[in-house]
Amino acid sequence: MSSILRDNRRAGNALVRRMVSLPRNIIGGFSRAMGHGRDLMGIGGRRNQHVPSNYQLQHPEEHISATVPEEWAFLTSFEDQYGSSHPFFYACQFMEALKIAEDDQKFMFVYLHAPEHPFTPSFCRDTLCSELVVQFLDANFVCWGALANREEGLQMATILRPASFPFCAMIAPAPGDSIAVLQQMEGPVSPAELVEILQRTMEEQGLAFGSARAKREEKIRADRRLREEQDAAYLASLQIDKEKERFKNSLSGERVQKPVEPPSNKPNYDKLRNSQKQYVQVKEGAITKETQYKEVANRGTNPQATQILIRFPNGERREQSFASTDKVQSIYRYIDSLGLPGIGNYRLISSFPRKVYGVDQMGMTLKDSGLHPRASLFLEAM
């Protein structure tokens, strides 16, 4: 089986690159998942809750209880056999994981699990659960897995057409109802070989997809600037209307007090009108400068500031700035202050290299703990 992988490498630098159209039932699954909330992803990509013993069967892919959501079927089957030390697989539908990958500007790693295949146990135990692969995938990919003979896993197997198992694929979002299959691996492979193939594919495909991401980001920035300009124009218009109303009220008051006095207020009105124009120009200039200042401030770096990106099990991300002298406990306090539902006992981990920031590290400063000036942390439930 490994010959399939070696043949792809002997073919030169050409990658297994093809566009695949997704069927309506896969695309529709995303809207259904969003329709009943993100509760399907409430725990995250490693099963941290206690699973009743009746789930721990010899062949969980055939006997998983109907009470287990389909999004958890793969993790239930996998962890019953190989434990919880594995890449961070998102327990959600395929289209939702694809959206997370697009938002995080990452490629997607897809694994179709065939428990009965003779090469599957060694691949899962020695390769997929190895520390090298776990750290590399967690740092660089959004991982999604499914049973190859159930529901979405079976549908994806029909789409990707694996010739053998174990089967992995590196996927990127594409325009319309399609995905780009950048690389696929079939058959047994060592941890070092898997990391090498994925790393090489990322380097060769990164420029192409990076330019597309840059265009999307530029469009987002342009839309943001347009909204800010529209808001500034709206505020200026409101201010003019207020000045007009104030001016009319002042004229009415003067007419009541001096009804015989001829109307000689046009010069005053013109003077006020000119002052309004100057005010609006100054206001718009101040808003523009404030906007520019905010953008420069966001781009600038404070040598004493530490930027922490926190990824939650449901795919949500929060970024917060701390002082480099703040303690690790400050990050926990910030997370607790958010009051997010479904967050109980947890710990923070960095992916690559994998490191746990728990009770023993609470008193360390962010700089001493290696999180300065920027770090990305996973929130892992306990």
Side-chain angles (χ1 to χ4, degrees), residues 30-31 34-35 37-38 96 98-106 173-177 209-258 261-312 314-323 334 337-340 373-374:
F30 178 59
S31 61
M34 297 301 289
R38 301 176 70 92
E96 194 166 2
L98 189 67
K99 181 64 168 58
I100 294 172
E102 186 174 12
D103 292 343
D104 286 357
Q105 299 183 2
K106 289 185 176 183
D177 299 335
F209 282 87
S211 61
R213 287 196 297 266
K215 291 180 181 178
R216 290 196 299 270
E217 291 173 358
E218 179 58 32
K219 184 179 184 302
I220 292 173
R221 287 194 292 269
D223 292 341
R224 185 184 300 118
R225 287 194 296 269
L226 177 61
R227 287 195 299 270
E228 290 173 349
E229 292 171 0
Q230 291 173 341
D231 291 342
Y234 176 71
L235 292 174
S237 176
L238 287 179
Q239 188 64 34
I240 291 176
D241 292 340
K242 290 180 180 179
E243 294 294 342
K244 285 182 179 179
E245 188 67 26
R246 188 179 298 114
F247 180 74
K248 290 179 181 179
N249 293 335
S250 66
L251 288 180
S252 299
E254 290 181 4
R255 290 193 187 99
V256 171
Q257 294 175 3
K258 300 178 180 180
E261 183 180 348
S264 58
N265 292 313
K266 189 176 186 304
N268 292 333
Y269 176 81
D270 293 338
K271 183 178 180 181
L272 181 58
R273 177 71 176 179
N274 291 332
S275 65
Q276 291 173 2
K277 290 182 178 179
Q278 293 176 358
Y279 172 80
V280 170
Q281 292 174 354
V282 171
K283 183 69 174 179
E284 289 179 346
I287 292 175
T288 303
K289 288 182 179 180
E290 181 181 359
T291 301
Q292 293 174 348
Y293 172 77
K294 288 180 179 179
E295 292 180 353
V296 171
N298 289 335
R299 290 196 298 267
T301 55
N302 183 348
Q304 299 302 321
T306 301
Q307 293 293 327
I308 302 296
L309 177 64
I310 305 167
R311 293 179 58 187
F312 294 87
N314 64 356
E316 184 177 353
R317 299 179 303 163
R318 294 291 182 95
E319 187 169 9
Q320 180 69 10
S321 179
F322 299 88
Y334 166 70
S337 70
L338 298 177
L340 296 177
R374 178 177 291 273

Salt bridge (Lys or Arg N to Asp or Glu O under 4.0 Å), that's the test. Do K99 and E96 meet it? Break it down for me. CA-CA 5 Å; K99 181 64 168 58; E96 194 166 2; over 6 Å; no
Salt bridge (Lys or Arg N to Asp or Glu O under 4.0 Å), that's the test. Do E316 and R318 meet it? Break it down for me. CA-CA 7 Å; E316 184 177 353; R318 294 291 182 95; 2.9 Å; yes
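At least one side-chain heavy atom of I310 sits under 4.5 Å from a side-chain heavy atom of Y334. Between L98 and E102 the shortest side-chain heavy-atom distance does not fall below 4.5 Å.
Using a 4.0 Å cut-off between a side-chain N of Lys or Arg and a carboxylate O of Asp or Glu, R317 and D103 do not qualify as a salt bridge. The pair R227-D231 does not meet the salt-bridge criterion, since no charged nitrogen lies less than 4.0 angstrom from a carboxylate oxygen.
The side-chain contact (heavy atoms from CB on, under 4.5 Å) search around E245 returns N249, not counting sequence neighbours.
Here the straight-line distance linking atom CD1 of I100 with atom NZ of K106 works out to 11.0 Å at 0.5 Å rounding.
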